[in-house]
Amino acid sequence: MRISRVLGPVLIALPLAALAGDSLDVKLGLWEVAFSTDVRGSLIPPSVLDKMPPAQRAKLQADLQKRAAMQPMTRIHKSCVSAEDIKKGAFRASDDKEDRHCKTTITAQTYTLQEATVACTGAESRTSHMRVEMQGRDHVKGSIENVVEGGGKVMVQFTGKWLSESCAGHDDE
């Protein structure tokens with residue numbers, strides 16, 4: 001009876017400790033990621049639009065409509081992924097990594113999956129939800145949904161492939 005009281009909590013805690021130690025098991029180093037971006041709604045907060053002169057506002061809205069007609073857009077980006085990146089949200093936008101107004105919270109993480117929420121405050125407040133799934137240690141796929149103040153959304157689908165262990169001579173683009 002006494003042994004079960006002592007071992008019971010330990011046996012329950014072991015799986016929890018194992019889950020807490022899990023992290024996305026991808027190869028570290030240089031990755032090439034292809035992003036397909038689709039913008040929905042306005043990305044300019046109403047508070048900013050309200051302060052613009054009518055002519056400037058009309059030009060901006062016309063430019064945004066032109067850009068929306070070209071959706072979705074695909075870009076290729078090379079990035080160095082480190083063990084620290086895995087802990088803090090691998091494959092998240094470099095802007096979010098550098099912006100002191102953005103906080104990344106890992107909401108789910110296993111060896112094959114990472115989900116995170118990125119909350120950014122300040123002039124360009126937004127909330128992002130990110131999901132990365134492994135397709136092997138050297139291939140990933142994922143999605144990011146950014147919701148900006150005013151209700152606009154940026155939907156991103158991406159695939160990534162590992163290129164090399166070394167990131168020497170590469171600066172994040």
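- Taking hydrophobic clusters as Ile, Leu, Val, Met, Phe, Trp and Tyr residues chained together by side-chain heavy-atom distances below 4.5 Å, L113 does not share a cluster with M130.
- Proximity of M52 to L60: side-chain heavy atoms (C-beta onward) are separated by under 4.5 Å at one or more points.
- Between I106 and A116, the shortest heavy-atom distance links the atoms CD1-CB, 4.0 Å.
- L30 and I86 are members of different hydrophobic clusters when ILVMFWY side chains are connected at heavy-atom separations under 4.5 Å.
- In this structure, the side chains of F35 and H77 come closer than 4.5 Å at one or more pairs of heavy atoms.
- With respect to R137 and D25, a salt bridge is recorded, a charged nitrogen being found less than 4.0 Å from a carboxylate O.
- Hydrophobic clustering places L28 together with V132 (ILVMFWY residues linked when any side-chain heavy atoms are closer than 4.5 Å, directly or through intermediates).
- Between K103 atom NZ and T121 atom OG1 the span is 11.5 Å, to the nearest 0.5 Å.
- Between the side chain of E133 and the backbone N or O of T112, no donor-acceptor pair lies under 3.5 Å.
- Taking each heavy atom of G29 and C167 in turn, the nearest pair found is C-SG, 3.4 Å.
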Task: Trace of the side chain to side chain contact (heavy atoms under 4.5 Å, CB included) decision for R57 with D50 - done: CA-CA 8 Å; R57 183 177 181 163; D50 291 344; 3.7 Å; yes

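- At distances below 3.5 Å, not a single donor-acceptor pair connects side-chain atoms of S79 with backbone N or O atoms of W31.
- For the atom pair CG of D85 and OG of S23, the computed distance is 12.0 Å after rounding to the nearest 0.5 Å.
- A donor-acceptor contact shorter than 3.5 Å links the side chain of W162 to the backbone of S164.
- For the atom pair CZ (R131) and CD (E115), the distance works out to 4.5 Å, reported to the nearest 0.5 Å.
- Using a 4.0 Å cut-off between a side-chain N of Lys or Arg and a carboxylate O of Asp or Glu, D38 and K153 do not qualify as a salt bridge.
- In this structure, the side chains of Q135 and V140 stay at 4.5 Å or more apart for every pair of heavy atoms.
- Distance check, rounded to the nearest 0.5 Å: NZ of K87 to CD of Q109 gives 10.5 Å.
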TODO: Just do the side chain to side chain contact (heavy atoms under 4.5 Å, CB included) check on T127 and N146 with the steps written out, would you?
DONE: CA-CA 6 Å; T127 302; N146 291 299; over 6 Å; no

Open item on the list: Using side chain to side chain contact (heavy atoms under 4.5 Å, CB included), reason through Y111 and L24 one step at a time and then give a plain yes or no.
Closed with: CA-CA 4 Å; Y111 290 116; L24 199 60; over 6 Å; no

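- L163 and V33 fall into different hydrophobic clusters, defined by Ile, Leu, Val, Met, Phe, Trp and Tyr side-chain heavy atoms under 4.5 Å apart, directly or through other members.
- A distance of 13.5 Å separates CD of E145 from CZ of R126, quoted to the nearest 0.5 Å.
- Looking only at side-chain heavy atoms (C-beta outward), M155 and S143 stay at 4.5 Å or farther from each other.
- Taking a 6.0 Å sphere around NZ of K27, one finds it holds more than 12 heavy atoms contributed by other residues, nucleotides or ligands.
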